[in-house]
Amino acid sequence: MRELPVTILGFGGMGRARAAAYANTTKYYGDCPIQPVQAQAFVLPHEAEGAKKLGWEPNLDLMDAIKNAKSEYIDICLPDSLHHSAALAAIEAKKHVFCEKPLAISLDEAREMTEAAEACPGLLNSVNFIYRRVPANGYARQLVQENAFGKLLEARSFYNQAWGGMGNGGSWRFDAKAGGGTLADLGSHMIDMLYYVTGMRPTEVCATQVTHVKERNFNVVKEDGSSARELLPVKVDDGTRVIYNLPNGGIGQLECTRNAWGAENSQGYDLYFENGAISWRYDDVNYLMVYEPGLKGRGWRRVLCNQGFAPYCHFGGGHMDGYRDFLTSQCYENMRAIEGMDPVCPIATFRDAYEVERTSVAINISHKEHRWVSLDEIK
Ligand SMILES: NC(=O)c1ccc[n+]([C@@H]2O[C@H](COP(=O)([O-])OP(=O)(O)OC[C@H]3O[C@@H](n4cnc5c(N)ncnc54)[C@H](O)[C@@H]3O)[C@@H](O)[C@H]2O)c1
């Protein structure tokens with residue numbers, strides 16, 4: 001089997017999770033055409049020892065890690081603001097690129113990344129909208145593609161977490177210059193999920209956003225290299241609510257917040273069609289709820305999706321999947337794409353992630369200008 005040397009950029013939560021996923025890819029998927037192998041990891045100094053223990057050669061120089069001849073595939077697990085320069089450097093060095101979401105922190109950056117990637121058709125450009133790898137979501141997509149329920153009338157989705165109100169610490173996720181706020185962090189997943197399952201994106205949006213915690217203690221690095229905590233204004237959204245129109249005449253709504261106590265990683269959607277409905281909750285991740293009015297009585301059918309009819313069924317017989325499995329399935333899809341094989345379920349390309357950015361920009365403008373915004377306005 002061909003080996004593909006992989007470099008991971010960033011060794012925080014996602015970098016470490018991905019290290020495990022590459023180690024498992026060919027173990028789970030015997031038909032995986034390529035063996036990903038550990039090359040280097042770009043790390044901050046305090047992460048070097050941990051990376052080494054897991055078999056990744058630490059590299060403290062970001063650009064060297066990208067351009068270094070030791071790898072052919074760059075996996076970007078950095079804070080959002082660093083995706084743009086890292087991806088462009090990787091594409092220039094003719095490497096496959098897998099990037100975390102959101103693709104970038106501005107539409108201009110996202111467009112530049114997309115155009116650069118599309119100018120190199122032999123290279124992978126893939127974005128980690130990971131919930132595409134949930135078997136239940138793949139099954140939902142299949143049902144819609146088979147036109148099992150007719151026209152989509154109304155959609156509802158949400159992605160809520162609980163930690164935005166805890167203390168006053170300013171992680172990079174609250175810093176507008178480093179990350180994009182709750183809509184970019186969480187809402188982006190659900191914007192992509194709507195497209196993945198239904199093939200439709202909003203045509204017009206109307207939104208309101210809020211920043212509940214107005215100031216946070218951010219870590220500020222001084223010119224002499226020292227750093228200190230400073231109370232600074234927060235310029236990103238804590239919560240966003242959107243209503244939108246769909247190209248088929250249907251309507252929908254999206255909510256996301258990091259200030260929902262008890263919602264540890266609570267996300268899901270309800271899709272109401274002319275002749276039935278589907279509903280998915282991350283809290284019950286392996287099941288798709290299906291409503292078929294043809295059945296006797298009214299009510300939902302709870303379909304266990306870790307079986308042969310749904311994608312990514314490693315073990316068969318309903319053995320449950322979790323986040324680690326989804327990450328492994330994503331690495332498997334990336335290897336298939338590099339080999340030119342058809343996907344089990346489509347990966348999110350840079351183009352797909354750019355479209356998510358367009359929708360996010362429309363949402364932000366709608367809030368700022370208190371009006372409906374057509375996606376035609378967002379170039
Ligand atoms: N798809 C998903 O399910 C999912 C989940 C979590 C995070 N993410 C995305 O993954 C990316 C990383 O998130 P995370 O949770 O791993 O963050 P993190 O803070 O845990 O890790 C980020 C890592 O990037 C590096 N880094 C941090 N600051 C840096 C700087 N100033 N300069 C250079 N390198 C720096 C460090 O190695 C750090 O550990 C983000 O884009 C985030 O949105 C995606």
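Atoms within a ligand are numbered from 1 in the order they appear, just like the ligands themselves. Keep in mind that the numbers below use all heavy atoms, side chains included, and drop hydrogens, waters and symmetry copies.
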Task: Under 3.5 Å: donor-acceptor pair, side chain of Thr182, backbone of Asp238 - done: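 It does hold such a pair.
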Task: Under 3.5 Å donor-acceptor, Asn137 side chain and Tyr131 backbone - done: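 It does hold such a pair.
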Would you say the side chains of [X] and [Y] form a donor-acceptor pair under 3.5 Å?
{"X": "Asp325", "Y": "Tyr28", "answer": "yes"}
{"X": "Asp75", "Y": "Tyr22", "answer": "yes"}
{"X": "Tyr354", "Y": "Thr349", "answer": "no"}

- [ ] Heavy-atom contacts with His83 under 4.0 Å: which atoms of ligand 1 show up? List them by number with element.
- [x]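 So the answer, numbered in order with elements, is 41 (O).
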- [ ] Check ligand 1 against Glu100 and write out every atom of the ligand that is under 4.0 Å from a heavy-atom position of the residue.
- [x]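 Atoms satisfying the 4.0 Å criterion: 1 (N), 2 (C), 4 (C), 8 (N), 9 (C), 10 (O), 11 (C), 41 (O), 44 (C).
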Under 4.0 Å from ligand 1, counting heavy atoms only, is it the side chain of [X], its backbone, both or neither?
{"X": "Leu62", "result": "neither"}
{"X": "Arg173", "result": "side chain"}
{"X": "Met14", "result": "both"}
{"X": "Tyr323", "result": "side chain"}
{"X": "Ile130", "result": "side chain"}

Task: Check: Val43 N/O within less than 3.5 Å of ligand 1 N/O - done: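 No, since none of the N or O atoms of Val43 sits under 3.5 Å from an N or O of ligand 1.
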TODO: Give the residue and atom name of whichever protein heavy atom lies nearest to atom 17 (O) of ligand 1, and the separation in Å to one decimal.
DONE: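 So the nearest neighbour among protein heavy atoms is Trp172 CZ2, 3.5 Å.
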TODO: Give the residue, atom name and distance (to 0.1 Å) of the protein heavy atom nearest atom 43 (O) of ligand 1.
DONE: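 Of every protein heavy atom, Lys101 O, 2.9 Å lies nearest to atom 43 (O) of ligand 1.
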- [ ] Could you check whether the rings of Tyr159 and His189 sit parallel, tilted or perpendicular, using 30° and 60° as the cut-offs?
- [x]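 Tilted, since the angle between the ring planes falls between 30° and 60°.
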Task: Aromatic ring pairing Phe98/Tyr73, orientation class (parallel under 30°, perpendicular over 60°, tilted between) - done: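 Judged by the thresholds at 30° and 60°, the geometry between Phe98 and Tyr73 is tilted.
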Open item on the list: For atom 40 (C) of ligand 1, which of the options Asp80, Leu82, Leu103 provides the nearest non-hydrogen atom?
Closed with: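 Of the listed residues, Asp80 has the closest heavy atom.
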- [ ] Using heavy-atom distances, let me know which of Ala41, Gly10, Pro79, Pro102 sits nearest atom 26 (N) of ligand 1.
- [x]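 It is Pro79 that holds the nearest heavy atom.
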Task: Verdict with reasoning, Gln209 to Thr240, per side chain to side chain donor-acceptor pair (under 3.5 Å) - done: CA-CA 4 Å; Gln209 297 180 302; Thr240 289; 3.0 Å; yes
TODO: Examine ligand 1 and decide if any of its atoms is less than 4.0 Å from a heavy atom belonging to Phe42.
DONE: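 Flag set, Phe42 near ligand 1.
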